[in-house]
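Reviewing the structure listed below.
Side chains are part of it too, since the values below use all heavy atoms of this structure and drop only hydrogens, waters and symmetry mates.
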There are 2 protein chains.
Amino acid sequence: MSRRPTIMDVAAAAGVSVATVSKAVNGRYGVASETVDRVLAVVADLGYESSLIASSMRSRRTGVIGVLVADFEPFSAEILKGVGQALSDSRYDLLAYAGSRGAAEGWERRSLSRLSGTLIDGAIMVTPTVVNVGTEVPVVAIDPHTGPADLPTVESDSYGGALQATRHLIELGHSRIGFIAGRRDLRSSIARDAGYRRALADAGISVDPGLVGSGSYRQDAVRVAALEMLRRTDRPTAIFAANDISALEIVKVAGELGLDVPGHLSIIGFDDVPEAAKATPALSTVRQPMQTLGAEAARLLLTLMQGEVPPSTHIALPTRLVPRDTTAPPA
Amino acid sequence: MSRRPTIMDVAAAAGVSVATVSKAVNGRYGVASETVDRVLAVVADLGYESSLIASSMRSRRTGVIGVLVADFEPFSAEILKGVGQALSDSRYDLLAYAGSRGAAEGWERRSLSRLSGTLIDGAIMVTPTVVNVGTEVPVVAIDPHTGPADLPTVESDSYGGALQATRHLIELGHSRIGFIAGRRDLRSSIARDAGYRRALADAGISVDPGLVGSGSYRQDAVRVAALEMLRRTDRPTAIFAANDISALEIVKVAGELGLDVPGHLSIIGFDDVPEAAKATPALSTVRQPMQTLGAEAARLLLTLMQGEVPPSTHIALPTRLVPRDTTAPPA
DNA sequence: ATGAAAGCGCTAACAA
DNA sequence: TTGTTAGCGCTTTCAT
């Protein structure tokens, strides 16, 4: 735990000024090559690395791209993998920041404001809801807020996916189909709700308000909503949950209620996070290409950072039905 | 893309000095409560957030824990989820940094040196190989280097896991069993190699050097080694790969060679990353509890950061055999 | 209770 | 070619 060497230590050891060290390290012109050699030798000897913080304070460019998330959960982890792959042979370092500790609401603005213009040259925000703050760097949103904020966006076809999920249940023969909604402030949540309703309408099934619950993508809220829905005497025979985490929680609740899945109750989720396939029984779901989402966002951001105009500033990716073991015809 | 407000903007708008703003924002004593109110009103109005960088430069404490990785690949992504969960109700923000762009070798030292003592209050390093640099903050290593560096460590029982994998193949009836090793600079890789040899020895099978290849966990190296091994006239009937990514690559190579898996060739990996279960055919493997690894590392780090002495500074977690569809008795 | 000023490690003008 | 110096935005003594 000794102190890391600073540029001053290097300068002292090499017998030059800090300015010269800076120039040598960053390959600027105007330094005698033998001086450069001497400085670099000292650098290697001391194991000096410039402080990202200090240099970014001064120079405003860091070679770092930030991915801002509320939390490192399965969804954002997949995004991260995709971003990492897309950037793997760029010259950028990647920094992922989860800054929702404590406050919860408004992490997007807080994180962006704390990092932008200083630590990162560009940002990808995952499911942001509030981004009306001034930014000094280009920003791309993945699966964003349903607001007027007009950030360049990458998302998947939530409406179509919800259509596929609900139709799948209908085709299996279900007609009492519940829906546990997600965060209503996300554009994608609204679209999944709309897809659900549309599929029912197409099949001539009217929406029973008692079969629509709000889960906000939070396990505790999902639990409450699912419990209420499943304790009804006219409970649904199938439920579409707005994401996998919610669906998995419903599977759990069903189990506690003594309901067999998919015997008594079919459940389908959305996302296809790794946990969905691994669950027992394996969760039926609608796959959205999370890694591709991340990769596309990275590419879009890179274009923006180069000051170029991207061919499209709003990318939508297709979804795919993945039936597994939690959906079956009603008993 | 307007400029973010700084503490100076707040000070000017509130008609006070920057020192007062700083005190008000950070809840220091010695500020009239009405002044505090006025300052906070301006803060809210302007949407001011202190720059993480600037404050960390001065104060040396940031409330941020760093996870340093070479890359965001499946293994480190799982670790990240575990760390995130363990820290979800701590007061710390989480920052993950992938800093191996370009340089490759020595990312650990570089990342640590660039961030420590300034941006982060503590660090978790994932599969680090070189950490002989001075750090100003506590560091915990996950699955580290095989060196004298004596960092607090969390890892899984690679030796036992390799034993399980190899025995599984032996029990299926295989005797020509190949091994594609991982990065030889990781302690865990050495242990997997040892476990492989031990299991063979226990079964009275001698190690054929032609059946041991080096993959370094890199797809291109794995491909070369697998190609060479599988083109032999006395090729193995089963291969144990030191991690899943390697195993998956071998499956691919086998396919290109017209070898049926597991008909002509059984393959087993190590890790059980999400991709293993999703592959076709689903990959047999040895599961190491990656999220738990991350969570334990986080807990250990927290203890260290509080200046306490942890009960143990070296944690080893058990592994579990997960037979799936790429292993079968030899034809 | 408030403010002036120093300084964290670094880079970029500008001088020498 | 090299060094001196002024900040970047913030926190923290130390005066006032």
Side-chain angles (χ1 to χ4, degrees), chain A residues 3-39 42-43 46-64 113-121 134 136-137, chain B residues 3-39 42-43 46-64 113-121 134 136-137:
Chain A
R3 218 176 55 79
R4 65 177 279 280
T6 72
I7 198 171
M8 272 100 88
D9 299 323
V10 176
V16 296
S17 72
V18 295
T20 302
V21 174
S22 176
K23 286 173 196 156
V25 167
N26 296 298
R28 298 276 179 276
Y29 290 111
V31 186
S33 68
E34 56 184 42
T35 306
V36 171
D37 293 345
R38 186 154 39 96
V39 170
V42 173
V43 164
L46 263 45
Y48 167 77
E49 291 288 346
S50 74
S51 160
L52 178 58
I53 283 71
S55 28
S56 84
M57 255 201 99
R58 204 51 252 257
S59 67
R60 255 80 233 296
R61 290 207 67 264
T62 57
V64 177
S113 190
R114 295 194 84 190
L115 302 182
S116 103
T118 30
L119 226 206
I120 55 181
D121 294 345
E136 302 180 67
V137 297
Chain B
R3 219 176 57 78
R4 65 177 278 279
T6 72
I7 198 173
M8 273 101 89
D9 299 322
V10 176
V16 297
S17 72
V18 294
T20 301
V21 174
S22 176
K23 286 173 196 156
V25 167
N26 295 300
R28 298 277 178 276
Y29 290 110
V31 186
S33 68
E34 54 184 41
T35 307
V36 172
D37 292 346
R38 187 153 39 95
V39 169
V42 173
V43 164
L46 263 44
Y48 168 77
E49 291 288 348
S50 74
S51 160
L52 178 58
I53 282 70
S55 27
S56 83
M57 258 201 95
R58 211 34 261 253
S59 66
R60 254 80 231 294
R61 290 206 69 266
T62 56
V64 177
S113 189
R114 295 195 83 188
L115 302 183
S116 102
T118 31
L119 226 205
I120 56 181
D121 294 345
E136 301 179 65
V137 299

Could you run through nucleotides 7-16 of chain D and give me one letter per nucleotide, 5' to 3': B if any protein heavy atom sits under 4.0 Å from the base, S if only the sugar-phosphate is that close, - if neither?
BBBBBB----
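Taking the 5' to 3' direction, DNA chain C first and last meets chain B under 4.0 angstrom from a heavy atom at dA1(C) to dG9(C).
With contacts defined as side-chain heavy-atom distances shorter than 4.5 Å, the pair V64(B)/D121(B) does not qualify. Under the 4.5 Å side-chain criterion, counting only non-hydrogen atoms from C-beta, S50(A) is not in contact with I7(A).
Although no hydrogens or angles enter the test, the distance criterion places a donor-acceptor pair under 3.5 Å between the side chain of T62(A) and the main chain of L119(A). A donor-acceptor contact shorter than 3.5 Å links the side chain of S59(A) to the backbone of S55(A). At distances below 3.5 Å, not a single donor-acceptor pair connects side-chain atoms of R38(A) with backbone N or O atoms of V36(A).
Taking CZ of R61(B) as the start and CD1 of I120(B) as the end, the distance is 12.5 Å to the nearest 0.5 Å.
Considering only residues two or more places apart in sequence or on other chains, D37(A) meets the side-chain contact (heavy atoms from CB on, under 4.5 Å) condition with none of them.
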